[in-house]
Peer 1: 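After the structure tokens below, expect a handful of questions from me.
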Amino acid sequence: MAEKNEAMNANFVENIIDGDLKSGKYVPEEIHTRFPPEPNGYLHIGHAKSICLNFGLARKFGGKCNLRFDDTNPTKEDTEYVDSIQEDVKWLGFTWDDRKFYASDYFEKLYGYAVELIKRGKAFVCDLSADEIRATRGTLTEPGQESPFRNRSVEENLDLFARMKAGEFPDGSHVLRAKIDMASPNITMRDPVLYRIARTTHHRTGDAWCIYPMYDFAHPLSDAIEDITHSVCTLEFEDHRPLYDWLLESLGFDAKRPHQYEFARLNLTNTVMSKRKLRQLVEGGYVSGWDDPRMPTISGLRRRGYTAASIRDFCERIGVAKSNSLVDVAMLEHCVREDLNENADRVMAVLEPLKVVITNYPEGQTEYLVAENHPTRGGHRYVPFSREIYIEQEDFMEDPPKKFFRLKPGGEVRLKHAYIIKCEEAVKDEAGNIVELRCTYDPDSKSGGAAAGRKVKGTLHWVEAKTAIKAEVRLYDYLLMTDENGNVPDDFLAHLNPDSLRVLKNALIEPSVRYAAEGTRYQFLRKGYFCVDKDTTPDHLVFNEVVGLKDTWGKVKG
RNA sequence: UGGGGUAUAGCCAAGUUGGUCAAGGCACGGGACUUUGACUCCCGCAUUCGUUGGUUCGAGUCCAACUACCCCAGCCA
């Protein structure tokens, strides 16, 4: 299925690792990456790209990939998220074995490194307020000014830092800063803050600490502690690489220390990807939750019916590079279609039913017709057929355009797995709406029968009236509308698609799916792929549309 | 007259040290097949690699200048 990518091109990170292997810097087993989410939100398809890259690299080279929660900011983090993140990574098909770590595991060691940095004269405690630090940082074009506390003695810094840790100072009164260069053109290097005081209960360390390391300090050291060789992150951290290197070198890590490499994050058409915007959609009630099937979250895609394999395949196909890009969501859809075409059983469901009475079919008779479950993988089931059936409303037109291969007055059409029928009459109500079709069937045209060879142009799906199961079917369209370039404008809430969800309460489905388990995926013949939703109960089936079938006719008729 | 990045078809994206190199996928168009207008299968889709110069027998690949876009002034990550 979706994993036949041996021929895929290597991305630039693989090339770098290849180089490190060829130069003898590392042997394959040493290649070590990590996926470092902050547990402050749900994972989305953009994270999937990073997960596939990091775990994929380790798998490809025979190394390891750690799962590491970057939990250095207790004000935003919660165990709710660490649980969902683990579930999502596992579901995507990756394992960290016994290598689940937390930056908070290293708080003690990190503190030690900070002390060492002070001893080496490369960090100092600064008493400036946040506002003062900001005011003295300079601008993009002007250098900053050195803090008046920059030249404190090592002893004084050690004492102050210990007292920060001991809780002697109020939040915000002191920070530990690296002593680098206030005139650096790279703002990240202008004596960056390494530790801040925050009396917040941490989801894992509780109230043990009142000082917490900043990402820039914790990340490179966590990487080093775990023997990470290739620390892959997104483009916006490119400016931080000099600091990453400075810290490791200042603390004396050797030539095999970790190195940071950056790639472009994923952008998708018709989608927003930032945690902030996704949160707005959830909290504003625009969607039903983080796992709303229209959300680009892993949990949303999973509920929608996307397979893990199709998401992995997608991540493989889009590649990994350094240029900002916007991937057409059609690529993602293509990946599920390909997977489900191969792996989903076919079944017949009529989404918007129109009753058909076959007038020359014996009243009270029911026959069970053989129906293949899959065109190439085989398997079969029996579907009931009798005098009254339902077809799709859109499959009948009283006055159709040219090339309409479906039912029309006097026209013939094949019923999949069954007979050829001919439309004799369209029955209307007082308002002129077509409410029922009266047809005749050709008994010799039975599917698989001796005289089944007769060809008619169209083939329709259908369900038998008495045995059909009523179901709720949820049809989806893109949550957001885009401009001509495929971009969702910044005021995305003004571009919500009002028709992103359509609920059909009167769909009718063949009886074979009555006991389908949550998560089961089918192809509803001629319509698309559908997945049993978790809202399903023993007497109420609910399906989500995963993705529609490609529809050439839809394009023709416009 | 801050720094860091990126520019190859509508969208992703390959192009090792310059020499049939303009891969592949998505989308799109045409055709074949079809008891899913699906699938599958053919065929088409950049004389051109952001621009302009230059080096060279030869440049997407080297040099120069220019242009466009993205990121950075959290005690967020």
Side-chain angles (χ1 to χ4, degrees), chain A residues 7-11 15 36-38 40 70 72-73 75-76 126 128-130 133-134 137-144 171-177 184-190 192-198 212 214-216 218-219 233-242 262 264 269 275 316-335 337-338 341-342 346 348 372 375-376 403-406 413-418 420 445 447-448 452-461 485-486 523-528 548-556:
Chain A
M8 245 22 217
N9 291 296
N11 61 56
N15 291 150
E38 182 186 16
N40 71 342
D70 219 330
T72 56
N73 184 1
T75 61
K76 296 186 174 176
C126 183
L128 257 26
S129 69
I133 287 179
R134 186 179 314 118
R137 186 154 26 223
T139 68
L140 294 178
T141 54
E142 299 158 321
D171 290 10
S173 62
H174 298 70
V175 290
L176 181 72
R177 289 227 253 171
S184 172
N186 180 349
I187 294 178
T188 299
M189 300 297 271
R190 318 238 261 230
V193 172
L194 267 23
Y195 264 89
R196 74 283 217 185
I197 302 172
Y212 292 95
M214 299 288 289
Y215 165 87
D216 281 327
H219 208 85
C233 62
T234 44
L235 252 27
E236 65 271 26
F237 293 103
E238 220 152 9
D239 288 341
H240 297 234
R241 193 170 65 226
E262 311 84 11
T269 58
K275 281 179 185 171
E316 191 68 44
R317 288 182 192 236
I318 57 176
V320 178
K322 298 194 66 158
S323 64
N324 291 308
S325 59
L326 178 63
V327 177
D328 193 332
V329 70
M331 181 82 94
L332 218 208
E333 296 173 340
H334 167 81
C335 291
R337 277 200 195 96
E338 189 174 86
N341 174 53
E342 182 59 30
R346 271 97 236 237
M348 292 197 288
E372 63 179 15
T376 57
K403 299 260 193 71
F404 182 79
F405 307 153
R406 308 176 183 188
V413 92
R414 162 137 240 136
L415 294 176
K416 180 77 175 176
H417 309 306
I420 292 174
S445 65
S447 229
R454 185 154 80 87
K455 301 286 183 199
V456 289
K457 192 57 186 170
T459 300
L460 306 186
H461 61 279
N485 301 316
Q523 182 194 105
F524 286 178
L525 231 51
R526 300 207 310 131
K527 297 306 287 185
L549 254 27
K550 293 227 278 188
D551 181 11
T552 331
W553 170 244
K555 271 181 220 157
V556 171

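Every chain is numbered from 1, with letters handed out A, B, ... down the list of sequences.
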Peer 1: Ignoring backbone atoms, establish whether A:Ser325 has a side-chain N or O less than 4.0 Å from OP1 or OP2 of B:A13.
Peer 2: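 Looking at the OP1 and OP2 atoms of B:A13, one of them is under 4.0 Å from a side-chain N or O of A:Ser325.
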
Peer 1: If the condition is salt bridge (Lys or Arg N to Asp or Glu O under 4.0 Å), which residues does A:Glu38 pass it with, not counting sequence neighbours?
Peer 2: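 None.
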
Peer 1: Which nucleotide wins on minimum distance to the side chain of A:Ala330, given the candidates B:C26, B:A77, B:C75?
Peer 2: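 Closest nucleotide to the A:Ala330 side chain: B:C26.
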
Peer 1: Any side-chain N or O of A:Thr139 less than 4.0 Å from the OP1 or OP2 oxygen of B:G2?
Peer 2: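 So the side-chain polar atoms of A:Thr139 never come under 4.0 Å of the phosphate oxygens OP1 or OP2 of B:G2.
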
Peer 1: Mind listing the N/O atom pairs, protein and nucleotides 66-70 of chain B, below 3.5 Å?
Peer 2:
residue, atom, partner, partner atom, Å
B:C70, O2', A:Asn324, ND2, 3.2

Peer 1: Where do N or O atoms of nucleotides 22-24 of chain B meet protein N or O atoms at under 3.5 Å, pair by pair?
Peer 2:
residue, atom, partner, partner atom, Å
B:A23, N1, A:Asn9, ND2, 2.7

Peer 1: With pairs defined as Watson-Crick or G-U wobble and both distances under 3.5 angstrom, please note down RNA chain B as a dot-bracket string, | for pairing with another strand.
Peer 2: .((((((..(((......[....))).(((((.......))))).....(((((..]....))))))))))).....

Peer 1: Quick one, give me the B/S/- string for nucleotides 34-39 of chain B, reading 5' to 3', where B means a protein heavy atom under 4.0 Å from the base and S means that only happens at the primed atoms, P, OP1 or OP2.
Peer 2: -BBBSS

Peer 1: Might you list the N or O atoms of the protein lying below 3.5 Å from N or O atoms in nucleotides 59-62 of chain B, with each pair's distance?
Peer 2:
none

Peer 1: Please pick, from B:U6, B:G4, B:C75, the nucleotide with the shortest atom-to-atom distance to any side-chain atom of A:Ser323.
Peer 2: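 Between B:U6, B:G4, B:C75, the one nearest the side chain of A:Ser323 would be B:U6.
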
Peer 1: With sugar-phosphate meaning primed atoms plus P, OP1 and OP2, does A:Lys555 contact a base, only sugar-phosphate, or nothing at under 4.0 Å between heavy atoms?
Peer 2: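 Sugar-phosphate, no base atom in range.
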
Peer 1: When you get a sec, tell me which of B:A14, B:C26, B:G3 is the closest nucleotide to the side chain of A:His334?
Peer 2: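 My answer, after comparing the listed nucleotides, is B:C26.
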
